[in-house]
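Everything on this sheet refers to the single structure shown next.
Treat the numbers as computed from the prediction; the structure is a model and nothing was measured. All values below come from the heavy atoms of this structure, side chains included, with hydrogens, waters and symmetry mates left out.
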Amino acid sequence: MSAGKSFTAAELADMDERRDKWAIHKKEIHSGWLTKRGGRHKSWKKRWFSIRGSQMLYYKDPSDNKPLGVITLCHPLEAKCLREVRILPDDEEAQLKRRFCFELRGVGDQRVYYCCASDANDLERWVDALRRVIYFPLGGGMFGTDLTIQVQRERRLNSPIPIIVEMCVNSIRNNGLDEVGLFRLPGRTTRVRELKDAFNRGEQPDLLQETEVHAVASLLKQYLRELPAPLLTFEKFDSFLSAVKIYNVDHDEGLRLVKELATSLPPCNSTLLQYLCKFLRDINERSSVNKMNLANLATVFAPNFLLPKEQDVHELMENTSSVHAITCILIEHQDKIFAGLSPSDMPALFAAAKIEDDMLPDLDSEDEDEGEDRQTKGFSIASSIAAAFSAVVPSSLSASSSTSSLPPAAAAAPCAPAATPMSPPPSATSAAATPGANNAAAMASGLQGPVRLIQQDLLRERELRQALEIHVEQLEEKCRRLEAMLGDEHDRRIIAESQLKTIIEKLPRRGTAASSDQGVAAAAATAAGAGAGANAAENSDEMFNLLDLASMRR
């Protein structure tokens, strides 16, 4: 629990009940393994993290029911930011001796969480999921958010279109309808990432002044691509493919089926689909300039419009032409398909929106593992003491019966003598209290030894755990040093082999003709002197034998 705060048994039971209900009705946004730094010795431990609602929980194991910690990321009903998340640069990662790390820091307090992902892609997924929740109250975190939820959050009665889509479309209409390769050529990666992060933080960059049209187009494609479900939904995938087959035989009947399916989509999906198809048709009308005809536009947007839920590679290959065809139909005949379709009933949609504010209290101690063990063993000790107390002390002298008959002041201070005007005789008092006092004294003396032994065992186990953690850290450091040494040795070996190869290539090779050997021998004899010609020739033959042996080894 939070440091310095204790909870009664009733409060703990209520928290457990709320936690169980909360875990059921809160939809999981993202989950996976992370290595978290914590504990008194700031050791790194692997934990299973799960982002649910507006909080992040972590467990020892995914099968655990109760979390070790609960971290509140935002308050949905308060328009302020509680946390900040950032990816650590290389120099800070070097200090932590870890890679793929991010920092989760509280705004206005000193609590900082350091977590490490498995790789760069996993790190990006975690940071995106966290930002999606953290900046939720500020209108951010729209990438990866369900379309209907995003529209409900924005609550713009004058436009049922997500604000990022509307801003991208207006920017392209003003600055880039004649841009060659629009939506086909990618934008600059760093600029797209900057714009995405700004929208995820709840900001609204002025895209009308954006000069990189391809970056804005890539931003729009990425938003559509990261929606949890395509615009035509997973459930209607087979129905749209059947409509395409009918359209190939009977255009009028096929168009009727496509219109029926398009109008039966969720209100936000059908409205956004109509908006995008009209925009893409306007781009197609200027294809003589921007080179983006109907087929090119369908190739780009087909994966965002229609996809199967289980994306099998073989099935995707088979259905590519059909998905491309349905996208062409929607763009080309958008005026017929969406004729008579009115915008979504936004007030009714907002009335159905409900923001869950039933959250768990933050639960994150510096020594979460030790706290859990102490809590478990503390309940066992308390149960043992209660059992021994009830077995030794008679029911007539139990705490409940004795304190219930006392006034509030005496019950609050049981050690103080009760001031009553009439007291029983001393002999009667001593005679009545002697058996209970003797039993209580016997119970106290009998429990002191076992309780002290249990406390000593807990202390020894704690010290042993700390020593083991330090030993594990030392072993990990040795492994890292050995890996570095092996890497250096590998590099030296490669350099040596390269040098040997260079030397071998520079040496004269043995020819097939005998004159080559004689020429080399003569050169060696000349270099050594006329008197040592025979010895030089023999040394030359030995050199060639060694050279052949080296070649065979290679």
Side-chain angles (χ1 to χ4, degrees), residues 1-3 5-7 9 11-74 82-83 85 96 98 100-106 111-119 121-134 144 356 358-380 461-462 465-466 468-469 472-473 476:
M1 303 299 170
S2 301
K5 184 177 181 180
S6 60
F7 295 90
E11 290 174 337
L12 290 173
D14 180 65
M15 286 172 58
D16 291 342
E17 182 179 358
R18 288 181 60 203
R19 182 182 293 112
D20 294 338
K21 293 180 180 179
W22 181 88
I24 293 174
H25 82 266
K26 291 289 184 180
K27 183 180 179 181
E28 186 174 73
I29 298 174
H30 190 67
S31 62
W33 289 103
L34 288 173
T35 306
K36 172 183 174 291
R37 193 179 79 165
R40 178 169 300 177
H41 301 285
K42 304 298 181 183
S43 58
W44 293 88
K45 296 182 180 179
K46 199 171 185 180
R47 296 286 182 253
W48 178 264
F49 280 78
S50 174
I51 302 177
R52 290 180 175 271
S54 56
Q55 294 181 310
M56 181 166 68
L57 293 78
Y58 59 91
Y59 307 79
K60 278 188 176 180
D61 190 80
S63 60
D64 292 346
N65 292 326
K66 295 183 179 180
L68 293 176
V70 178
I71 305 172
T72 299
L73 301 176
C74 73
L82 293 183
R83 305 277 178 189
V85 60
L96 296 175
R98 295 279 171 171
F100 313 119
C101 299
F102 65 86
E103 174 190 84
L104 186 62
R105 180 183 296 273
R111 191 69 177 97
V112 182
Y113 303 89
Y114 292 101
C115 297
C116 295
S118 58
D119 53 42
N121 293 330
D122 189 32
L123 173 63
E124 185 174 353
R125 285 192 294 268
W126 272 107
V127 172
D128 286 344
L130 287 170
R131 285 174 176 168
R132 197 157 66 240
V133 177
I134 290 173
E356 298 287 351
D358 182 22
M359 299 188 300
L360 298 176
D362 278 4
L363 169 64
D364 185 80
S365 62
E366 287 291 336
D367 303 306
E368 67 269 7
D369 297 336
E370 297 175 7
E372 183 191 44
D373 295 339
R374 285 197 301 270
Q375 184 182 12
T376 304
K377 294 181 180 179
F379 282 126
S380 302
E461 289 181 6
R462 182 175 179 179
R465 183 183 296 109
Q466 294 174 358
L468 288 175
E469 289 177 353
V472 168
E473 290 180 355
E476 290 178 350

Legend entry - Distance, nearest 0.5 Å, that separates CG of Leu34 from SG of Cys101: 10.0 Å

Inset, instruction - State the CG-CH2 distance between Leu57 and Trp48, to the nearest 0.5 angstrom. - result: 13.0 Å

[X] and [Y]: which non-hydrogen atoms are nearest, and at how many Å?
{"X": "Ile71", "Y": "Tyr113", "answer": "CD1-CE2, 3.6 Å"}
{"X": "Val127", "Y": "Phe102", "answer": "CG2-CB, 4.1 Å"}
{"X": "Trp44", "Y": "Cys116", "answer": "CZ3-SG, 3.5 Å"}
{"X": "Trp126", "Y": "Ser31", "answer": "CZ2-C, 3.7 Å"}
{"X": "Cys115", "Y": "Phe49", "answer": "SG-CZ, 4.1 Å"}

Inset, instruction - Name all residues meeting the salt bridge (Lys or Arg N to Asp or Glu O under 4.0 Å) criterion together with Glu103; count only those two or more places apart in sequence or in a different chain, and write none if there are none. - result: Arg86, Arg105

Can you check whether [X] reaches [Y] side chain to side chain, under 4.5 Å on heavy atoms?
{"X": "Arg83", "Y": "Leu130", "answer": "no"}
{"X": "Trp33", "Y": "Pro62", "answer": "yes"}
{"X": "Phe100", "Y": "Ser118", "answer": "no"}
{"X": "Val85", "Y": "Leu73", "answer": "no"}

Legend entry - Partners meeting side-chain contact (heavy atoms from CB on, under 4.5 Å) with Ile29 (sequence neighbours left out): Ile51, Arg132, Val133

